[in-house]
Amino acid sequence: MTSRRALASREGDPLRIAVVSRPWIEVPPRGHGGVERICATLVNELVHRGHDVTLIGVGCNGTDARFHATYPVPQLHHGVSLIPELAHAARVRRLLSGAQLSGAQFDSAEFDIVHDHTLIGPILGPLGKTPTVCTVHDPVLGEDSSDSYTLLGDYYQALGDNASLVSISHAQRNDRPELNWVGTVYNGIDTIAHPDIGLGNPAARDDFVLWVGRFIVEKGPDLAISACREAGLPLVLAGSLDEPKQAAYFSLVIEPLLGSDVEVVTNAGHERIIELMSRARCLLHPIRFREPFGLVLAEAAACGTPVVGLNRGAVAEVVADGITGWVCRRTDELAEALRRVVEIDPAACRARAKQLFSVEAMARGYERIYREAVDR
């Protein structure tokens, strides 16, 4: 008789998958939330491909999977503090160990694989004989040894073989090659859901530059204002103000820089962001940190929208320099790149997004990693 584990490791057979999301935002997010958007996209595609998927998160379920909430509401109102994530991880652990919580009761034996997207979850290690893989969504290397991102990399290093880690870019993996990486899978998006109005009709696009992100210094909205002003181009800042530190940064740094050439759109929903992206001259991504992927870069490409970015983290991996945008080494190169962005072919942007950053490619990558974990 063929064992359940042997079936699970065999390509083409359905898997029983538990996906654990973070406690801060619902899946999918109503506004900003890159990790949660990836979780939703992946979960739905896995269900579509015939797998039995259970999502464990917070709030309400917006996916096609079965769902259990460790909190009735998202916990972002606490700020990104340690206690809610510790409680979330403990409840997930108890739930998957067979305890009854809030009317739900699972057993780790019900699942072939657990896919954890949280920060603290990996420290708990595998649940019994059920293999667990953990996607690392944050940078693992900062500017110096005291940088919080370097300390995060040290945390993963301390876990050793107890955590099977998945990187979301080769740049992220190469920052700390000694970590227990078991694979690399690019974040994926539903490319069909991204409009490409500029492919056959460039006149349909407006001439504004778009910046998207959280209003924090690492995302460089101040650099975006300076570069667009030097290039003589209008700018739309579409950013989130969900946390007190974001509001403080916006008030102290960004508001004094605003003028008639800058429009601010705060806490916009995903549909509004994509609508702006599909009409923009380009997306400007002047980050100051080693971002491990940059979901908005893939989303822009899917819309046929070129990207101008600084060469930090995985920018040069996601953006093909001279093909889907311009990758600049220094901030003083940004303005000229904004002027030259009309040289980029929108069709090339969309073609690369479909090839590398589709939801189908992401799901195939994780299926391979799941089955390898079951084999191990």
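Atom CG of Asn174 is separated from atom CZ of Arg290 by 10.0 Å, given to the nearest 0.5 angstrom. The OG1 atom of Thr191 lies 14.5 Å from the CZ atom of Arg352; values are rounded to the nearest 0.5 Å. Note that the CG atom of Leu42 and the OG atom of Ser21 stand 11.5 Å from one another [nearest 0.5 Å]. In this structure, Gln246 CD and Ile254 CD1 are separated by 12.0 Å, a value rounded to the nearest 0.5 Å. Taking CG of Asn180 as the reference point, atom SG of Cys134 lies at 10.0 Å (rounded to 0.5 Å).
Aromatic pair Phe111/Tyr370: ring centres not closer than 6.0 Å.
The cluster map of Ile, Leu, Val, Met, Phe, Trp and Tyr, joined by side-chain heavy atoms under 4.5 Å apart, puts Val53 and Leu55 in the same cluster. When hydrophobic clusters are built by joining Ile, Leu, Val, Met, Phe, Trp and Tyr residues whose side-chain heavy atoms come closer than 4.5 Å, directly or via intermediates, Val296 is not grouped with Leu241.
Looking at Thr63, its side chain does come within 3.5 Å of a backbone N or O of Ala65 through a donor-acceptor pair. Panel note: side chain Arg91, backbone Thr70; a donor-acceptor pair is recorded below 3.5 Å. Checked by atom type and distance alone, the side chain of Gln75 pairs as donor or acceptor with a backbone atom of Val73 at under 3.5 Å. For Ser169 (side chain) and Pro292 (main-chain N/O), a donor-acceptor pair under 3.5 Å exists by modelled atom type. At least one donor-acceptor pair closer than 3.5 Å links the side chain of Arg205 to the backbone N or O of Ala280. Checked by atom type and distance alone, the side chain of Gln172 pairs as donor or acceptor with a backbone atom of Ile168 at under 3.5 Å. Not one N or O on the side chain of Arg37 forms a donor-acceptor pair closer than 3.5 Å with the backbone of Leu295. Counting only distance, with no hydrogens or angles, the side chain of Tyr156 and the backbone of Ala163 share no donor-acceptor pair below 3.5 Å. At least one donor-acceptor pair closer than 3.5 Å links the side chain of Glu317 to the backbone N or O of His170. Proximity of a side-chain donor or acceptor of Thr305 to a complementary backbone N or O of Ala301 within less than 3.5 Å is not detected.
Counting only heavy atoms from C-beta outward, the side chains of Leu86 and Ile120 approach each other to under 4.5 Å. Between Tyr155 and Leu119, some side-chain heavy-atom pair lies under the 4.5 Å cut-off. Residues Leu257 and Val262 are not in side-chain contact: their nearest non-hydrogen atoms beyond the backbone lie 4.5 Å or more apart. Residues Thr118 and His88 are in side-chain contact: their nearest non-hydrogen atoms beyond the backbone lie under 4.5 Å apart. Two residues are said to be in side-chain contact when any heavy atoms from C-beta on lie closer than 4.5 Å; Val185 and Ile369 meet this criterion. Residues Ile17 and Asp112 are not in side-chain contact: their nearest non-hydrogen atoms beyond the backbone lie 4.5 Å or more apart. For the pair Glu299/Ile274, a side-chain contact is recorded, criterion being any heavy-atom separation below 4.5 Å from C-beta on.
Pairing each heavy atom of Ala227 with each of Leu334, the nearest pair is CB-CB, 3.7 Å. Counting all heavy atoms, side chain and backbone alike, Ile25 lies closest to Glu36 at O-CG, 3.6 Å.
Glu143 and Tyr149 share no side-chain donor-acceptor pair at under 3.5 Å.
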Exercise. Starting from the C-alpha separation in whole Å, work towards a yes-or-no answer on side chain to side chain donor-acceptor pair (under 3.5 Å) for Thr150 and Ser145.
Key: CA-CA 6 Å; Thr150 299; Ser145 60; over 6 Å; no
Quiz prompt | Stepwise salt bridge (Lys or Arg N to Asp or Glu O under 4.0 Å) check, Asp321 with Arg329 | solution = CA-CA 11 Å; Asp321 189 39; Arg329 294 173 298 170; over 6 Å; no
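Listed by chain and residue number, nothing satisfies the side chain to side chain donor-acceptor pair (under 3.5 Å) test with His48 (two or more places apart in sequence, or in another chain). A search for salt bridge (Lys or Arg N to Asp or Glu O under 4.0 Å) contacts involving Arg176 returns Asp154, Glu178, not counting sequence neighbours. Scanning for salt bridge (Lys or Arg N to Asp or Glu O under 4.0 Å) contacts around Glu275 gives Arg272, Arg279, with sequence neighbours left out. Not counting sequence neighbours, His194 has no partner by the ring-ring contact (aromatic ring centres under 6.0 Å, His included) test.
Under 4.0 Å is where a charged nitrogen must lie from a carboxylate oxygen, and between Asp261 and Arg229 at least one such pair does. Taking a cutoff of 4.0 Å between a charged side-chain nitrogen and a carboxylate oxygen, Glu291 and Lys219 qualify as a salt bridge. Using a cut-off of 4.0 Å between Lys/Arg side-chain N and Asp/Glu carboxylate O, Arg66 and Asp52 are scored as salt-bridged.
Note on residues 219-258: pairs passing ring pair (Phe, Tyr, Trp, His ring centres under 6.0 Å), not counting sequence neighbours, are Phe215-Phe250. Sorted by first then second residue, the side-chain hydrogen bond (donor to acceptor under 3.5 Å, both in side chains) pairs that include residues 356-369, not counting sequence neighbours, are Arg49-Glu367, His51-Glu367, Thr135-Tyr366, Ser358-Glu360.
Atom CZ of Arg30 has 12 or fewer heavy atoms from other residues, nucleotides or ligands within 6.0 Å.
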